Amino acid sequence: MSARDPAIPWRVTPDGLLVAMRLTPRGGKDVLGSVETLSDGRAVLTAKVRAVPADGEANQALVKLVAKALGVAASRVLITQGATSRTKMVQVEGDGAVLERSILAAIGR
């Protein structure tokens, strides 16, 4: 799978993996979803968390979810854009190629 494919919502960076995500708080369960295309044509990886979108709880839940799914410490997952938006950019620090394989496995690809 090519990271340059516009249908792929992540790209390998020198520091790890940068992922475009769409978060649904109060989603009933904590789970990574699938790759979807927004109305503006951007691809995002969807995620649902049980936490509410208050006091950063949903963002913290997203960080923990991504860390667990990719097998990294939560301290290596940072929301770099969109802290108050449903669409976010999430940086995962580590070996980008390994993280890309982990994310593919986590979403069943």
Side-chain angles (χ1 to χ4, degrees):
M1 183 159 283
S2 170
R4 294 175 194 248
D5 184 340
I8 302 300
W10 58 80
R11 63 183 159 96
V12 174
T13 68
D15 298 325
L17 197 67
L18 188 62
V19 186
M21 301 192 74
R22 184 170 195 283
L23 177 62
T24 302
R26 289 185 278 208
K29 57 185 172 179
D30 295 345
V31 64
L32 286 181
S34 60
V35 174
E36 294 184 2
T37 304
L38 300 178
S39 61
D40 64 5
R42 291 181 296 153
V44 293
L45 176 61
T46 62
K48 293 181 183 180
V49 295
R50 289 177 288 216
V52 297
D55 299 322
E57 290 180 33
N59 286 342
Q60 291 172 358
L62 176 64
V63 165
K64 290 178 184 176
L65 174 64
V66 171
K68 182 177 179 182
L70 301 185
V72 299
S75 62
R76 299 186 64 86
V77 179
L78 307 165
I79 297 175
T80 59
Q81 290 179 342
T84 59
S85 172
R86 285 185 185 232
T87 55
K88 303 174 184 302
M89 292 301 291
V90 177
Q91 175 72 42
V92 185
E93 297 173 346
D95 182 327
V98 171
L99 292 169
E100 185 173 32
R101 286 192 297 274
S102 296
I103 205 166
L104 287 167
I107 64 172
R109 282 193 173 180

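Predicted, not measured: the structure shown is a model, and the values here were computed from it.
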Chemist: Find the distance between CG (Leu99) and CG (Leu104) and round it off to the nearest 0.5 Å.
Modeler: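 The CG atom of Leu99 sits 11.0 Å away from the CG atom of Leu104.
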
Chemist: Among Lys68, Lys48, Lys64, Arg50, whose side-chain hydrogen bond (donor to acceptor under 3.5 Å, both in side chains) with Asp30 holds?
Modeler: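 Testing Asp30 for a side-chain hydrogen bond (donor to acceptor under 3.5 Å, both in side chains) against Lys68, Lys48, Lys64, Arg50 leaves exactly one candidate, Arg50.
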
Chemist: Kindly indicate whether the side chain of Val49, heavy atoms from C-beta on, has any atom under 4.5 Å from the side chain of Glu57.
Modeler: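 SC-SC contact between Val49 and Glu57 ruled out.
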
Chemist: For residues Pro9 and Arg42, determine if any side-chain heavy atom of one lies less than 4.5 Å from a side-chain heavy atom of the other.
Modeler: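 They are not in contact (no side-chain heavy atoms under 4.5 Å apart), so the answer is no.
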
Chemist: Membership question, hydrophobic clusters at under 4.5 Å side-chain separation (ILVMFWY): are Ile8 and Val12 in the same one?
Modeler: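 Result: yes, single cluster for both.
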
Chemist: Can you check whether Arg22's main-chain N or O pairs, donor with acceptor, with Thr46's side chain at less than 3.5 Å?
Modeler: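 No, Thr46 side chain to Arg22 backbone: no donor-acceptor pair under 3.5 Å.
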
Chemist: How long is the gap from CG on Leu70 to CD1 on Ile103, to the nearest 0.5 Å?
Modeler: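 Here the interatomic distance stands at 5.0 Å.
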
Chemist: Between the main-chain N or O of Glu93 and the side-chain N or O of Arg76, is there a donor-acceptor pair closer than 3.5 Å?
Modeler: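 At least one qualifying donor-acceptor pair exists.
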
Chemist: To the nearest 0.5 Å, how far apart are CG in Asn59 and CD1 in Ile79?
Modeler: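 Interatomic distance, Asn59 CG to Ile79 CD1, rounded to 0.5 Å: 3.5 Å.
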
Chemist: Any idea which heavy atoms bring Leu32 and Ala106 closest together, and the distance?
Modeler: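 Of all heavy-atom pairs spanning Leu32 and Ala106, the closest is CD1-CB, 4.1 Å.
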
Chemist: Where do Ala7 and Val35 come nearest, in terms of heavy atoms and distance?
Modeler: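 Scanning both residues completely, I find the closest heavy atoms to be O-CG1, 3.3 Å.
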
Chemist: I'd like to know if Leu65 and Trp10 are part of one continuous hydrophobic network [Ile/Leu/Val/Met/Phe/Trp/Tyr, side-chain heavy atoms within less than 4.5 Å].
Modeler: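 Yes.
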
Chemist: Kindly compute the distance separating CZ (Arg86) from CE (Met21), expressed to the nearest 0.5 Å.
Modeler: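 So the CZ of Arg86 and the CE of Met21 are separated by 14.0 Å.
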
Chemist: If hydrophobic clusters are built by linking Ile, Leu, Val, Met, Phe, Trp and Tyr wherever their side-chain heavy atoms come under 4.5 Å apart, do Val63 and Val31 end up in the same one?
Modeler: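 No, Val63 does not connect to Val31 through the hydrophobic network.
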
Chemist: Treating Lys88 as the side-chain partner and Gly82 as the backbone partner, does any N or O pair qualify as donor plus acceptor under 3.5 Å?
Modeler: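 Confirmed, Lys88 side chain pairs with Gly82 backbone.
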
Chemist: Do Val77 and Met89 sit in one hydrophobic cluster, given that two such residues count as connected whenever their side-chain heavy atoms are within less than 4.5 Å of each other, even indirectly?
Modeler: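 No: no chain of side-chain contacts under 4.5 Å links Val77 to Met89.
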
Chemist: Please report the interatomic distance CG(Leu78) to CG(Asp15), rounded to the nearest 0.5 Å.
Modeler: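 Answer rounded to 0.5 Å: 10.0 Å.
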
Chemist: Mind checking whether Val98 and Leu18 sit in one hydrophobic cluster, side chains of I, L, V, M, F, W, Y counted as touching below 4.5 Å?
Modeler: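 No; tracing contacts between hydrophobic side chains, which count when under 4.5 Å, never links both residues.
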
Chemist: Let's go through Val66 and Val19 carefully: what are the C-alpha distance in whole Å and the side-chain angles of both, what is the deciding distance for side chain to side chain contact (heavy atoms under 4.5 Å, CB included) to 0.1 Å, and is it a yes or a no?
Modeler: CA-CA 10 Å; Val66 171; Val19 186; over 6 Å; no

Chemist: So, taking the atom named CD in Glu100 and the one named CG in Leu17, what distance separates them when rounded to the nearest 0.5 Å?
Modeler: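 It comes to 6.5 Å.
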
Chemist: How close do Pro25 and Ala58 get, heavy atom to heavy atom, and via which atoms?
Modeler: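 Minimum heavy-atom contact is CB-CB, 4.0 Å.
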
